[in-house]
Amino acid sequence: MSVPFTRTLRFKVRPESHAWLNAAAIEVNGVFNYCNQISVATATRTDRKRKWLSGYDLCTLTAGATEYFQRIGSATVQRICVEYAQKRVAARRVKLRWRVSRGARRNLGWIPFKAASLKRKGTALRFCGKTFRVFERDRLEGVSWKQGCFAQDAVGDWWLCLPVEVRVEQTAAPKESVGVDLGIKDAAVTSDGERLEAILFFRDAQHRIAALQRRGHVRQGKREHRRIRRRRHDVCHQFSRKLINTYQKVVVGDVSSPKLAKTRMAKSVMDSGWGLLKRFLQYKGECAGRTVQIVNERNTSRSCSSCGALTGPSGLRQLAVRHWECAHCGEWHDRDVNAARNILRAGSRCGTSVSGNELSPTECPPSQTSRLSEAGSDTRRAAA
Ligand SMILES: [Zn+2]
């Protein structure tokens, strides 16, 4: 069975166009800030003309604005208006942040466009009267896009982002289900005993980055950050792909990285890629027709996966315990594999009704424990 699925293709833009794009991004910011200003002014009027402007209203108000711009066209202006209105609704605010064009707090460049504005021209692309060349252009062959954008990354390079619809084949996986325990000692351990080694790339590189920053090599430091990010993505992509290809159902614990990021092991948590792994599993699972389930992982490292007794290591003092023997049934456990098995069991317990890829399944009540003790039960992840 094949189903349609939207993927975003990214192409690196050749550096000769960067100057043009930088200048165009400033014009985009101008339109965006105009939308911001006019929306606030209209929404806070005290007379009867007060109004919450929609994207359509903003398009009407900006009609003819291209006359004042040298680079961007009306299609881009309209896209900015619509995006602005959407963002404002999503943020539930009267006013959004201004887009800053210069200085240290500069926003990264962003230039949206409609399908018709970007055309092929031989081996290159044509946008707003300017010819663009991208790297790996053979990937563009046979691709049709609806709308997209040019986006800048922290290093200053520009990327062409094109959401395209692809058809993917859905087939059944060879194995039934697996539980995944996320941690820091090992980034992830499955209930079948497979491990993804810790991916603390930032920890290895932070001294190098600090040295670069001290010497004033800001751009080089940013490149280094980007390299780490890519390595982390690569590892997470490979591991999630392997799981999705092998198993029909993947159950993951609900460790929340934003919550733990406020504690003292924040750096390890941010570096471990849990959020990334979960996100990849979810979208890949959806694409391949698998079930990805997120369950409450309370007590999963404490209870014995054979008999269910709470005989395992718990609390701060027993963080270092990697193997233990169940006092009740005498089973010898590896800490992480045992936790993964418990997560798998938790998944099948409340699993029959949950088959989507929801972030927080309502069928499993959230942990009753307070925030403090929750953080305590997760402290074992800082064991590394
Ligand atoms: Zn036991």
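For ligands, and for the atoms within them, numbers begin at 1 and follow the listed sequence. Here the structure is a predicted model, which means the values were calculated and not measured. These values consider heavy atoms only, across backbone and side chains, with no hydrogens, waters or symmetry-generated copies.
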> Determine whether the aromatic ring centres of residues Phe113 and Phe127 are separated by less than 6.0 angstrom.
yes
> Work out which heavy atom in Cys287 is nearest to a heavy atom in Gln170; give both atom names and the distance.
O-NE2, 3.0 Å
> Side chains of Thr246 and Lys175: any donor to acceptor distance under 3.5 Å?
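Absent: no donor and acceptor within the cut-off.
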> Looking at Arg322 and Asp336, is any side-chain nitrogen of the basic one under 4.0 Å from a carboxylate oxygen of the acidic one?
yes
> Tell me whether the NZ or CZ atom of Arg88 lies within the 45° cone about the ring axis of Trp52 and under 6.0 Å from its centre.
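Pair Arg88/Trp52 counts as cation-pi.
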> Within the distance-only criterion (no hydrogens, no angle test), does the side chain of Arg120 pair as donor or acceptor with the backbone N or O of Leu140 below 3.5 angstrom?
yes
> Give me the number of protein N, O or S atoms whose distance to the Zn ion (ligand 1) is under 2.8 Å.
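Under the 2.8 Å cut-off, the count stands at 4.
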